[in-house]
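Down below is the structure, laid out as structure tokens.
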Amino acid sequence: MELFVTERGNKGLRFNNYTYRLIEVNKKSKRFRCTKKDCPASLLTDCDEQSIVKIGKPHNHEAPSTHAKEMQTARASIKRKAEDSLNERPSKLVCSVVSSFSTITSRDLDNLTRQVRQYRLKSRPKLPKTREEVLSVLRDYDSDFIMEIDESLQNCLITTVENLN
């Protein structure tokens, strides 16, 4: 039995080469269900997730391959690292994560590098499209800048007190 964190930050569990997601927490136990949508398999653990109390219905599909499990683990850790270290190059970040995996191919490396860029794009604010949006962003920006905008919105002067001195 192995606990892990999913790509979305939820708890997951691996048991007998199958992956489960946490669906219910009681005072005495936690219920996990297979990550495949149509699979009825589930299991019950104690509150501390130290032992399996009960195994429910059997799986209606084959166990995922080693490659699929490694890719899932790699994606989850890459997503966390992409959000935490914004200055590290995507290819370097991917290489640091996948160095311990044995079944990841060069095509997988390209996909993971692309995913790092996508995760980072989601965390950044969208670029303003119009002049009014740019000026509203500048007005909302809380800093030591002095900003002067003329009434026609054609000219905008941005400086600091230090520059004026």
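Since this is a predicted model, take the numbers as computed values, not measurements.
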| task | Show the numbers, then the answer: is there a ring pair (Phe, Tyr, Trp, His ring centres under 6.0 Å) between H61 and Y18? | result | CA-CA 10 Å; H61 59 90; Y18 290 99; 5.4 Å; yes

| request: Go through the steps to decide whether L44 and I52 satisfy the test side chain to side chain contact (heavy atoms under 4.5 Å, CB included), and finish with yes or no. | output: CA-CA 6 Å; L44 208 63; I52 295 176; over 6 Å; no

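What you find for P58 and P40 is that their closest heavy atoms are O-CG, 3.8 Å. The two residues A68 and P64 come nearest to each other via the heavy atoms CB-CB, 4.2 Å.
The shortest distance between side-chain heavy atoms of T45 and F32 falls below 4.5 Å. Between V98 and L109 there is a side-chain heavy-atom pair separated by less than 4.5 Å. Counting heavy atoms from C-beta on, the side chains of R75 and L112 come closer than 4.5 Å. Between K81 and V97 there is a side-chain heavy-atom pair separated by less than 4.5 Å. A heavy-atom distance below 4.5 Å is not found between the side chains of K11 and L3. Contact check for T73 versus F101: side-chain heavy atoms found under the 4.5 Å cut-off.
Sorted by first and then second residue, the side chain to side chain donor-acceptor pair (under 3.5 Å) pairs involving residues 22-36 (not counting sequence neighbours) are T19-T35, K30-E49.
Formation of a donor-acceptor pair under 3.5 Å by the D110 side chain with backbone atoms of R107 is not found in this model. Using modelled atom types, no side-chain atom of S85 and backbone atom of E88 make a donor-acceptor pair closer than 3.5 Å. Remark: the backbone N or O of K129 is paired with a side-chain donor or acceptor of E133 at under 3.5 angstrom. A donor-acceptor contact shorter than 3.5 Å links the side chain of E70 to the backbone of T103. A donor-acceptor pair under 3.5 Å is absent between the side-chain atoms of N10 and the main chain of L22, judged by distance alone.
Once rounded to the nearest 0.5 Å, the distance linking NZ of K57 with SG of C34 reads 13.5 Å. Here OG of S42 is found 8.0 Å from OH of Y20. Values are rounded to the nearest 0.5 Å. Taken from CZ in R120 to NZ in K79, the straight-line distance is 14.0 Å, to the nearest 0.5 Å.
Using modelled atom types and a 3.5 Å distance limit, the side chains of T113 and R89 yield no donor-acceptor pair. Looking only at atom types and distance, the side chain of N16 has no donor-acceptor partner in the side chain of H59 under 3.5 Å away.
Partners of E162 according to the salt bridge (charged side-chain N to carboxylate O under 4.0 Å, His left out) rule, which considers only residues two or more places apart in sequence or in another chain, do not exist here.
Under a cut-off of 6.0 angstrom, the local environment of CG in N165 is crowded, with over 12 non-hydrogen atoms contributed by other residues, nucleotides or ligands.
Linking ILVMFWY side-chain heavy atoms closer than 4.5 Å, directly or via other members, places I23 and M1 in two distinct hydrophobic clusters.
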